[in-house]
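These figures come from a predicted structure and were not determined experimentally.
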Amino acid sequence: MDPLSSVFAALADPTRRAILERLAEGEATVNALAEPFAMSLQAVSKHLKVLEAAGLISRGKDAQYRPARINGERLGTAAAWLDDYRVFWEGSFDRLDAHLKSLIPKEKKP
């Protein structure tokens, strides 16, 4: 799978998006990341592996702890790709707005 596809595949899951939101505040261990979820540590670890494989996070090695931290570079790549389409959609909406305004009958002056 290409890098951009793996990023979007990883972001498709709401649990992984929530984990990224938490990591945006700073690095955290699996235990800390698992706290708000009703799932096992193993399930959270699997989510972290998907995020790591997509390049969205990195994992440190601090004795027995492996704190996770967000990797903004891959998110930036995805945001840049989406930004190209934002320009397209904004242009499309502007054209639609102009067309709809042209359909409104103009007031006749006496």
Side-chain angles (χ1 to χ4, degrees):
M1 185 180 297
D2 69 279
L4 191 57
S5 294
S6 62
V7 167
F8 284 120
L11 293 174
D13 185 275
T15 301
R16 291 192 285 267
R17 290 193 306 269
I19 289 171
L20 285 174
E21 286 177 30
R22 167 53 188 85
L23 291 175
E25 299 170 9
E27 68 179 36
T29 62
V30 175
N31 287 337
L33 292 170
E35 281 180 17
F37 302 108
M39 65 178 69
S40 68
L41 290 176
Q42 292 81 8
V44 172
S45 290
K46 286 182 181 182
H47 283 295
L48 291 174
K49 286 179 184 176
V50 171
L51 291 168
E52 190 172 19
L56 293 169
I57 67 166
S58 59
R59 309 274 307 270
K61 291 182 182 169
D62 182 18
Q64 73 267 25
Y65 299 105
R66 294 200 58 212
R69 65 188 60 80
I70 198 164
N71 178 2
E73 184 179 336
R74 284 284 172 92
L75 283 174
T77 302
W81 186 86
L82 288 170
D83 198 46
D84 291 341
Y85 289 92
R86 179 189 56 81
V87 171
F88 167 76
W89 283 110
E90 284 178 355
S92 296
F93 290 136
D94 290 344
R95 288 188 298 279
L96 176 61
D97 186 50
H99 175 69
L100 293 174
K101 285 179 180 174
S102 75
L103 297 176
I104 298 172
K106 296 187 172 133
E107 289 185 33
K108 294 183 180 179
K109 294 185 181 178

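Between the side chain of Asn71 and the backbone N or O of Gly55, at least one donor-acceptor pair lies under 3.5 Å.
A 4.5 Å side-chain heavy-atom check between Met39 and Val44 finds at least one atom pair inside the cut-off. Looking only at side-chain heavy atoms (C-beta outward), Ile70 and Leu75 come within less than 4.5 Å of each other. Counting heavy atoms from C-beta on, the side chains of Leu33 and His47 never come closer than 4.5 Å.
Residue Arg16 comes nearest to Ala9 through the heavy atom pair NH2-O, 3.6 Å, listed as atom of the first residue, atom of the second, then distance. The two residues Leu11 and Arg17 make their nearest non-hydrogen contact at O-NH1, 2.7 Å. For the pair Ala10 and Leu56, the tightest heavy-atom approach, listed with the atom from each and the gap, is CB-CD1, 3.8 Å. In plain terms, the two heavy atoms of Leu41 and Ala34 that are nearest each other are CD2-CB, 3.5 Å. For the residue pair Arg59 and Arg69, the shortest heavy atom distance occurs at C-NH1, 4.1 Å. Shown here for Ala68 and Leu48, the closest heavy-atom pair between the two residues is CB-CD2, 4.5 Å.
Val50 and Val7 are not part of a single hydrophobic cluster, where members link through side-chain heavy atoms under 4.5 Å apart. No continuous path of hydrophobic side-chain contacts links Leu4 to Met1 [ILVMFWY only; heavy atoms under 4.5 Å].
Here CG of Asp84 is found 9.0 Å from CZ of Arg86. Values are rounded to the nearest 0.5 Å. For the atom pair CG (Leu51) and OG (Ser58), the distance works out to 11.5 Å, reported to the nearest 0.5 Å. Note: Phe8 CZ to Asp2 CG = 10.0 Å, rounded to the nearest 0.5 Å. For the atom pair CD of Glu52 and OG of Ser45, the computed distance is 10.5 Å after rounding to the nearest 0.5 Å.
No hydrogens or angles considered: a donor-acceptor pair under 3.5 Å links the side chains of Ser92 and Arg95.
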